[in-house]
Amino acid sequence: MAAEATVDLSARYTAKVDSLVERYGKERTALLPILRDVNTEYGFVPEAAMARLSEITGIANAEIYGVVKFYSFFSTEPRGKFIIRLCRTMSCVMSQNAQGQASGSPLRKLMETFGFMKTPGQTWAHPVSETLMKELEIGFGETTADGMFTLEWTNCMGMCDQAPAMLVNEDVHVNLTAERVRDILAACRREAESAGGDFRKTAATDVASVRGTIGNPLSFSEEKPDTGLDAALAMGPEEVMETLVTAGLRGRGGAGFPTGKKWQFTRAQAEPEKYIVCNADEGEPGTFKDRMIMSEFPELLIEGMVIAGLTVGAKQGMIYLRGEYSYLRGHLEEALERCRARGVLGQGIKGNPDLSFDIGIYMGMGAYVCGEETALLESMEGRRGEPRNRFPFPVEQGYLGKPTVINNVETFAWVPCILTRGAEWFIAQGTESSKGRRLFSLSGDCARPGVYEYPFGTTLAQILSDVGAHDAKGALVGGACGTCIPADQFGRELAFEDLATGGSIIVFGPDRDMFAVAENIQAFFAEEGCGQCTPCRIGNARLLEMLSEGREHGITEDDVRKIRELSDTMGFASKCGLGQTAAHALVSIMENFGDELARGGTGDMKQGAAAEQVSA
Amino acid sequence: MAQAKTEKKQQIPVVIDGKDITVEEGTTVLEAARMIGVHIPTLCHHDDLCAHTLKQGKALDKKGKKAGDETYKDLTLDHATTGAAATSGNCRMCIVEVEGQRTLQASCIMPIDKPLKIRTTSAAIRHARRNVLELMMSEHFGDCTACLRNGNCELQKLCAEYGVREDWFGRPVEPLYDMPDERNIIVRDMNKCIMCRRCIKTCALYQGVYALTPDEKGEHSGISTFMDKEMMEAWCINCGQCVNRCPTGALTERDDTREVWDAIEDPDKIVVIQTAPAPRAAIGESFGCEPGTPLTFQLNTALRRCGFDKVFDTTFSADLTIMEEGTELIKRLYAVLVNGESADALPQFTSCSPGWIKFIEHFHPEYLPKLSSAKSPQQMMGALVKTYLAEKNGWDPDKIVSVSLMPCTAKKFEADREEMDSSGFRDIDYALTTREVARMIKQAGLDLPNLEKEEFDHPFGIPSGAGIIFAATGGVMEAALRTVLEIVTGDDVENLFENANITPVRGFEGARVIELPVEKVGPVPDILKHLVPDFEWLKGARLKVGVAHGTWNATRVIEDIKAGGPFSECHFIEFMACPGGCLGGGGQPIPTSREIRSARARAVYGEDMAYELRKSHENEDVLRVYREFLTDGPCGHRSHELLHTHYHSRK
């Protein structure tokens with residue numbers, strides 16, 4: 001019987017793969033979409049499915065397996081019908097501490113004893129995680145006996161302004177409380193029951209339900225549809241690029257490469273086949289402004305991409321959307337459809353048969369490193385999301401080896417605004433090397449988390465005051481690879497020449513344990529690095545180890561020396577930008593909150609939490 | 001585009017450590033540094049594996065027109081086939097300072113396309129390199145003294161050079177990964193792995209097997225197989241090329257030396273060993289000799305002093321293989337060309353490379369009927385030792401322990417194959433690699449290169465030139481042609497090729513087709529009279545043969561056959577799993593490189609010229625076996641039972 005059942009299942013998996021190949025094709029670029037659909041359907045990627053896929057595509061089974069194992073959202077083992085992924089990155093963890101509910105020292109012991117904590121120093125969200133474990137009677141990384149629920153941790157899902165947050169399959173749930181968690185679990189059970197045994201929930205999140213806060217008036221709100229495109233068509237490619245160069249628009253992903261130059265390099269390539277890629281793999285902890293743009297201003301993003309395509313001479317664009325944002329996919333598809341219907345996307349843009357540019361959506365599957373542009377390209381090509389070697393650059397050999405423009409969501413969104421209002425408007429604000437305005441994602445210990453727009457050069461103090469973070473003792477600017485700034489430096493300016501950032505600012509209130517912050521960051525990197533190069537792969541693991549070992553007695557002077565040296569090596573010798581910056585935040589915490597590191601940590605985000613527990 | 005390709009490469013001036021040098025555009029910084037004698041340490045880089053070298057390998061043009069060199073184009077390692085896998089730059093040992101660059105650059109993957117100023121040594125570089133090594137060692141579990149690569153380990157050597165000490169990040173006190181299952185022929189110990197990925201690149205891009213993959217990411221990264229299977233269950237062909245390219249002891253072959261020593265010590269056992277041609281040309285490297293130093297006859301002395309009772313020459317059974325395989329070819333040609341039987345039997349594929357056999361079983365089982373049914377020389381010798389020789393010498397076959405010295409890890413698998421016991425006894429009990437035998441000789445305290453020379457043992461002991469060239473790609477084909485041409489034409493092969501050196505089949509191109517006209521035919525020799533009445537049907541025919549080495553090239557040839565290209569018109573194709581043939585085998589001394597393989601090839605062809613006997617059908621030992629034992633001739637009943645076998649699909 002058992003053998004028969006296995007054969008039966010294998011046949012089912014094989015048939016599924018066949019139908020997906022029919023739909024997506026058997027090129028390597030179809031690999032991830034096919035695997036994703038298989039994974040969504042069954043909750044995992046079965047061996048038989050990989051074997052079949054290998055047979056059809058000619059891609060070796062081991063290679064497919066390596067791809068599956070790279071992405072967090074894939075599994076090679078069967079999992080529950082509902083896969084719950086609770087965010088364990090800073091803002092989500094802090095939001096729960098702030099609620100002042102039971103802290104979890106005994107629980108923590110329990111978790112450690114039963115091996116629920118996969119990596120030492122892993123932090124967790126208390127009331128929500130506790131409720132999940134209690135209700136489901138399982139630990140993280142486990143599946144309920146009835147095969148209904150699997151509980152997992154996930155790293156930052158970009159919901160920091162509405163923390164704590166979790167995913168149930170592709171659905172996003174924000175502003176979680178113990179109460180809400182119980183409701184969600186009950187709803188899952190009801191749905192499963194009414195649908196019979198073969199139920200697996202797919203995305204149904206109402207985009208409006210996770211909108212979040214827009215903190216102050218945005219330039220994007222004033223932009224009228226298609227005016228940027230009209231302006232671009234009136235100007236012609238050269239003038240468009242010239243305008244962007246004059247405006248000094250720099251990439252909003254964090255690295256800040258001049259956008260106009262990037263487009264010029266790409267356009268100059270002899271190869272006629274070119275691509276436009278939008279990096280919507282917004283994975284830097286504490287960043288969620290791209291999510292806001294995609295939910296509020298999707299057509300602005302599309303317009304920017306169309307302009308890019310027409311300018312550099314590309315016919316095809318792709319939005320690489322992070323897996324955590326699957327719920328936005330339908331919303332984006334609708335926007336694309338509206339644009340096509342309006343004649344500003346697809347064949348014959350604005351009625352001109354010579355102008356064609358279309359956009360597809362490519363889904364990520366849970367890998368922070370895919371935000372690195374060459375890793376993103378590898379991922380789009382159906383490979384493990386590992387950064388490529390530095391040369392050649394994507395503008396020369398990008399997607400499928402063709403010249404490719406890769407820009408951040410926000411960068412594309414600024415393009416129509418600049419073209420409509422002129423470079424002068426843009427450079428009227430900002431600083432000498434950081435022109436114009438940009439979006440910031442504010443989260444952590446502040447009264448009004450959300451997305452804010454400021455001109456470059458705005459002081460951290462100004463921003464913190466606007467978001468209601470009056471007693472902050474520090475702020476992490478730039479996410480996990482950023483810099484942790486103490487209160488006495490809040491006068492510093494947010495600009496490429498001072499505090500460069502991809503827009504993430506996480507605020508720490510007076511009683512936050514900076515040791516735990518450091519541990520959280522290092523755990524994040526140890527897990528999210530691609531694993532290729534030695535300094536980053538092992539360096540992050542050793543840094544995390546030093547912190548974990550130092551939690552009780554604090555890190556020593558010897559540790560400090562080693563951390564500095566290691567951070568230097570990682571910075572100089574790592575393969576990609578991620579590895580090069582992975583120890584930055586830790587070093588800045590060491591410099592600015594050294595006394596806290598020397599004291600040791602509570603293992604909790606909140607200072608004194610453990611002590612409270614003991615007295616209770 | 002076409003214009004760009006023909007453009008001459010620019011010469012670019014660079015300054016390395018203050019020295020001026022001009023290099024061709026696209027040269028890597030590492031290569032440029034080597035040109036002026038600057039040594040930059042590397043771990044993930046291997047000369048055989050950089051995109052540069054892989055591109056130089058020749059492969060078949062899919063459209064392939066006529067035979068000859070002009071039909072081959074450079075193997076296109078284009079973006080689509082390789083992606084990031086083609087480039088290394090992972091270990092970060094080869095980092096250098098490049099003026100104008102904020103971070104240190106990996107020199108092995110930095111192409112020079114404009115004038116550069118480079119420093120290869122500085123405090124920052126030395127610190128970073130040492131830290132990289134410290135980090136590797138912080139995850140390295142294993143005792144150097146207990147490691148098969150002790151003394152020949154790239155990691156160990158660099159740690160010594162950079163003064164890596166234990167107190168920096170510590171060392172694991174217990175294994176971080178499961179210890180390897182020693183039953184595997186290719187033993188993978190993740191505890192010693194530095195994740196340089198040379199093995200993955202070797203397996204995928206060099207061999208086209210793709211048994212290995214990077215696993216997981218971040219600190220959980222590892223190297224794995226499909227579904228994390230043991231190597232013995234994975235789609236691995238046991239070629240051992242990964243072992244040859246592993247910088248540490250993370251990849252080794254199953255160690256069978258203890259069992260062999262035990263057998264030698266056992267007074268009840270008769271322990272015989274055969275030595276294959278390729279190890280004889282390479283084992284000296286394990287004793288400090290220059291590559292290409294043949295030690296065939298010193299080895300005989302050493303093995304006897306180790307305690308082996310008899311030392312036989314595998315070139316005997318190589319000649320026997322030629323007789324069987326050559327006869328089979330004539331049979332197949334006759335069946336197809338004269339009797340009009342199914343053309344599926346052609347081209348006939350050679351079957352002496354066990355890596356190639358497993359490759360075709362896994363990936364192209366539909367071509368199994370094309371495989372010659374003849375066993376490999378190793379197995380033929382084994383089968384005869386426990387039958388013919390046992391009978392002749394009055395030995396109890398049960399007491400014979402048959403050992404082989406092979407350049408090959410896959411030979412262990414072949415020896416273990418279930419079907420290899422048609423005599424009622426295991427053909428071969430232990431197949432040892434060159435490395436294992438080198439260790440045994442060292443354990444016996446013997447200074448191999450300086451031992452006196454001794455002959456092989458009778459009755460399998462006349463060294464044959466046709467047999468010895470089996471070690472090189474094209475060698476089996478050349479040996480077969482020396483015999484087939486001579487038998488069919490009735491003319492001396494020397495009249496067709498000077499000194500009987502059939503040079504068109506030699507060389508290191510990945511895959512090649514050679515055409516030989518059969519202008520006249522002679523009478524059928526007695527030994528074949530039971531198979532064909534005459535050779536008239538071959539008169540005026542053009543014999544087409546192919547040669548491929550390395551399974552990457554084998555794949556290309558198979559694709560070509562499928563597409564009806566020149567290889568599909570071949571009558572006979574030699575396939576070797578390893579690059580360069582057996583001399584580049586996975587059991588040969590480490591390191592390996594194109595230069596080392598070339599030197600071994602020179603040694604092999606040198607021996608061929610030095611031997612008196614150079615044609616398989618003239619080997620008196622072989623002819624005696626047909627007279628005394630395999631009396632119904634090549635491909636006769638008896639030989640079929642003992643010297644032939646069948647393979648099966650593993651797809």
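Hydrogens, waters and symmetry mates play no part in the numbers below; they use all other heavy atoms, side chains included. As the structure is a computational prediction, the values presented were derived from the model and not from experiment.
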In terms of heavy-atom proximity below 4.5 Å to chain A, should B:L43 be classed as side chain, backbone, both, or neither? neither

For side-chain hydrogen bond (donor to acceptor under 3.5 Å, both in side chains), just list the numbers for A:R542 and B:S138, CA-CA rounded to whole Å, side-chain angles, deciding distance to a tenth of an Å, and then say yes or no. CA-CA 8 Å; A:R542 288 296 85 79; B:S138 77; 2.5 Å; yes

Of the listed B:F363, B:W235, B:F226, the one with the largest count of heavy-atom pairs under 4.5 Å with chain A is B:F226

Charged N-O contact under 4.0 Å between B:E216 and A:R384: no

Atom SG of A:C530 and atom NZ of B:K217: how far apart are they, to the nearest 0.5 Å? 10.0 Å

Region of B:A211 that comes under 4.5 Å of a non-hydrogen atom in chain A: backbone

Please check if atom CZ in A:R561 has more than 12 non-hydrogen atoms from other residues, nucleotides or ligands closer than 6.0 Å. yes

pair B:N131-A:P535: side-chain heavy atoms closer than 4.5 Å: no

Nearest 0.5 Å please: distance from the SG atom of B:C108 over to the CG atom of A:N389. 7.0 Å

Quick one: what part of B:P214 sits under 4.5 Å from any heavy atom of chain A, side chain, backbone, both or neither? both

Measure A:E565 against the heavy atoms of chain B and call it side chain, backbone, both or neither at under 4.5 Å. both

Given that the side chain runs from C-beta out, which part of B:R130 has a heavy atom under 4.5 Å from chain A: side chain, backbone, both or neither? side chain

Which atoms of B:W168 are under 4.5 Å from chain A, going by heavy atoms: the side chain, the backbone, both sets, or neither? both

Distance in Å, B:L135 CG paired with A:T569 OG1, rounded so as to fall on 0.5 Å steps: 7.5 Å

Any donor-acceptor pair under 3.5 Å linking the side-chain atoms of B:Q101 with those of A:R390? yes

Is it the backbone or the side chain of A:N61 that comes under 4.5 Å from a heavy atom of chain B, or both, or neither? both

Distance, nearest 0.5 Å, that separates CE of B:M195 from OG1 of A:T534: 9.5 Å

Distance, nearest 0.5 Å, that separates SG of B:C196 from CD of A:Q532: 12.5 Å

Non-hydrogen side-chain atoms of A:E63 and B:T213 separated by less than 4.5 Å: no

Which bit of A:S574 comes within less than 4.5 Å of chain B, counting heavy atoms only: side chain, backbone, both or neither? backbone

Relative to chain B, which segment of A:Q580 carries a heavy atom at a distance below 4.5 Å: side chain, backbone, both, or neither? side chain

Take atom CD of A:E27 as the centre, draw a 6.0 Å sphere, and report whether it contains more than 12 heavy atoms from other residues, nucleotides or ligands. no

Part of A:M570 lying under 4.5 Å from any heavy atom of chain B: neither

Does some side-chain heavy atom of B:E134 sit less than 4.5 Å from a side-chain heavy atom of A:K562? no

Heavy atoms of B:I95 and A:A573 approach each other most closely as CD1-CB, 3.8 Å

Part of A:F572 within contact of chain B (heavy atom distance under 4.5 Å): both

Give a yes or no on this: more than 12 heavy atoms of other residues, nucleotides or ligands lie within 6.0 Å of atom NZ of B:K229. yes

Side-chain touch B:D215/A:Y65, heavy atoms, less than 4.5 angstrom: yes

To the nearest 0.5 angstrom, please state how far the SG atom of A:C536 sits from the CG atom of B:N90. 11.5 Å

Could you check if a side-chain atom of B:D113 sits within less than 4.5 angstrom of a side-chain atom of A:F391, using non-hydrogen atoms only? no

